[in-house]
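One structure below.
Both counts, for ligands and for their atoms, begin at 1 and track the order of listing.
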Amino acid sequence: MTRSFPADFLWGTATSAHQTEGDNTNADFWVEEHVEGSPYVERSGDAIDHFRRYRDDIALLAGLGLKSYRFSIEWARVEPREGEFSEQALAHYRDVVDTCLAHGLEPFVTLHHFSSPRWLMGLGGWHGERTPALFARYVEAVMRRMDGRVRRVVTLNECNIGVLLRSLFQKLAFVPPVGVDVASWKAPGWRTAAAAECGTTLERYCNFKMAGDEKGVATIAAAHRAAREAIRRVAPGVQVGLSLALSQVQALPGGEANAAQAWYGNFQQWLPVIAGDDFFGLQNYTREIYGPAGQSAPPAEAERTQMGYEFAPESLGAVARAVARETALPILVTENGIATDDDARRVAFIDRALAGLHAAIDDGVPVIGYTYWSAFDNFEWVFGYAKRFGLVAVDRATQQRLVKPSAHHYAAIVQANAVPEGAEAQPQPGPARALPAGVRFTPPKAPPAVVFANVQVFDGSGAPSFAGEVRVEGNRIVAVARASEGAGVPREGARVVDGAGATVMPGLVEGHAHLTWPTSVEKFVPGMQLPPEELAITAVRNARILLDHGFTSAYSAGALSKRLEIVLRDQIESGGVPGPRLIPSSVEREPPSDGSFIDAGEVDEHGVGPDNVRAFVKGCADIGARAVKFLLSGESALKAGASLEVLYTDEEIRAAGEQAQASDVWLTGHAHASEAIKMGVRHGFRVLYHCTYADEEALDMLEAARDRIFVGPSIGIIQATLDADPPPHFDMTHMKQDAAIVLERQKALVPELRRRGIRLVPGGDYGFPFNPHGRNARDLALWVEHFGYTPAEALHAATALGGEIMGRGDELGRIAPGYLADLLLVDGDPTADVAILQDKQRLKAIMKDGRFHKAPEAQQ
Ligand code: BGC
């Protein structure tokens, strides 16, 4: 019995511009390939020279009898500089289309296939507010030029690639669909360089494959809609769709919720975006299996492809069925294929995939075409040229094309328009099964908009508060109004909180946090060391305590465990644990101590010598620390005179600096001694604490580095030492003497640093038995008392400058439209009396990332 496909079934094969054309020098991916430390195993270079050889290549594909050729147009070529369109590039692509038509191949155009112009990164990339409109403008220019010659377009290839990679790097359980070398990808010094090369910073760098968060998805969705609208306007009649990478999703017993979440992220969340499209572009390569702990490896007996994926051709039919259950759009398989050097496995893959697809069509799934990826062996992104998906091999030394047997096999299928004789879908190995009906992931509901009305607004800038209103939508502040200007903020759909004259201000930033230092206002711990279980839970508790006291961000100054803060940060970010935004730090080396007062805990040392220090920094970066802490000087509080000792050689700290740059982590230093400060500045430290004995030269160096450096005087611990009233068996005499000296010096030092324009941030080493977490806001009052700050100036340091130390000065620490909604509603006026912030009862509401950690009491 012949198993025929529908009469007008669109048979084709595909490529993308960056992977085949060569010399795509203006694209972000080109930059990533070329920067130092790039994880790309090789560069795309002249690729397979398709930009020049397209005529022969198209003739070759047509000669095989295929019906369509899917290729992409390179935005970076068409619009090499923002707003400047290249006539030459447009003419080129028009000719590609014409060549297809001349050979009887339907040109199937992808308008964006992963790579973007590098200038787009400077405008925020796929987080940029203007990106949807810029994309639509480019699409319009292309479509006008195509002048009715193209029947179908994919706006954006694999809109969910960022979602996929993001969940991959969160779980790191598996091999990603585009093939990423995980180790080098995670050591992202190269990314800083790529960002700079594209005219942006690491924090703002967001290319297409990185846009998997809420903002990225929203930007891509808006770009698709804007492009579709432009196409409908300038090229009516063209069928528009997007494509998604969809593995077949299966669950092991207990893994249903994880599987449902993956399916939601990759597919269901896009349903509103494709509503209104003409077709759905399905790209499938394998299946994904989810267990209770997340994605799990394929069954041991399963065959793997060159990409490391399970050889699972039956996934195609299964995923087409799953898609058809949720959308009525016609399904066009825009990619399906296998990377292998064994061409017979390619033949088997195609046969079995098509057998499964045909069975789905038989059961009513509306599949209208199939596109094999790829026409040619080509540049497989990070993996370079070694992963061979092509029907046609390319000898890159000569650029000769060699048609593989699988190409002839596929061509015969196309001719017959039927599943080949004997091709059968096979049962998939292992116990994993499709999701049972009814299991569905429910995404957390976006909180309703909130309007704070009848409030005084302290916006973080240091300017006086003003009467006004603030509106929050999602996790951002969207509007701020001044009563003096008459109008309020819009109130549609918002919960209105009547502040009754209370102050709204940005959440506080603790600039010197040690969440693993155990003591808090809730629990006294008479020492520093805890067994691992207590340590972990105590750190979690301390994170919550900080947030309870209005600290919505914390910059860690070191931890008593290697990974704890990193894990804690992830738990906080995923919403599972209340706590501040956290810059997690490395383990802190045990400071020299005479043991008389406090045992500072036994912490792995990293050994001596530049190589050990280098390895330590790299090790911290590899496990996900954002900051690495060094005790550049000792600490007199723990050992008499130690503050004036420098604990490292210059070579060691140079090595730390170099490695930090390569691994893209920040360096943080405990530095009392002048020479320790200088060493830190010399070797690129970003944060230096104490700086007590800075001499003139150190001050000059700090001043010269003021654009990149922050200083934390850490006065909280000093005052706490002076105030402490320890039990008789704790002799703090010597500590108190030292604290008195430090306080006197800092009273002169801090105003001088400030005069020189150096950014100073509050934060006071809380967590010692006599300086508990939860008392953090006391720093602000101490700044007023000892350093000559006004309350508003101290608040500016703890909010706006706090946002800067967190590396997010453009979106954190102020009240202004676009800023993250980390807000406090304070009963009273902290700009008159900053001490009120020490009373958590005065915090009527605490909002972090647009959600109430402490909601204001319901109003009548
Ligand atoms: C992409 C292609 C890629 C292919 C194989 C898809 O994710 O669209 O560019 O080469 O998969 O990994």
Might you work through the side chain to side chain contact (heavy atoms under 4.5 Å, CB included) test for Met146 and Ile73, ending with a clear yes or no? CA-CA 11 Å; Met146 293 309 156; Ile73 292 182; 3.7 Å; yes

State whether the side chain of Ser247 and the backbone N or O of Val249 hold a donor-acceptor pair below 3.5 Å, judged by distance alone. no

Name of the residue among Trp381, Tyr285, Tyr372 meeting ring pair (Phe, Tyr, Trp, His ring centres under 6.0 Å) with Phe389: Tyr285

If you count the atoms of ligand 1 from 1 in the order shown, which ones are under 4.0 Å from a heavy atom of Gln283? 8 (O)

Taking distance alone, with no angle check, do Asn378 and ligand 1 share an N/O pair under 3.5 Å? no

When you look at CD of Gln426, are more than 12 heavy atoms from neighbouring residues, nucleotides or ligands closer to it than 6.0 Å? yes

Which atoms of ligand 1 are found less than 4.0 Å from any heavy atom of Asn157? 8 (O)

Is there any N or O on Glu158 that sits under 3.5 Å from an N or O of ligand 1? yes

Should one rank His18, Glu335, Met307 by closest heavy-atom distance to atom 1 (C) of ligand 1, which comes out on top? Glu335

Proximal ligand 1 atoms for Phe389, defined as those under 4.0 Å from one of its heavy atoms: 5 (C), 12 (O)

Would Lys67 count as a cation-pi partner of Phe9, with NZ or CZ less than 6.0 Å from the six-membered ring centre and within 45° of the ring normal? no

Between Tyr285, Phe383, Trp373, Phe114, which one has a non-hydrogen atom sitting closest to atom 11 (O) of ligand 1? Tyr285

In ligand 1, the atoms that come under 4.0 Å of a heavy atom of Gln19 are 2 (C), 3 (C), 9 (O), 10 (O)

Enumerated ligand 1 atoms positioned under 4.0 Å from heavy atoms of Glu380: 3 (C), 5 (C), 10 (O), 12 (O)

Show, in sequence, the C-alpha distance, side-chain angles and deciding distance for Glu314 and Gln248, and conclude whether the side chain to side chain contact (heavy atoms under 4.5 Å, CB included) test is met. CA-CA 9 Å; Glu314 284 72 21; Gln248 175 193 10; 5.7 Å; no

Any His113 heavy atom less than 4.0 Å to ligand 1: yes

Tell me whether Arg396 forms a cation-pi arrangement with Tyr385, defined as NZ or CZ under 6.0 Å from the six-membered ring centre and within 45 degrees of its axis. yes

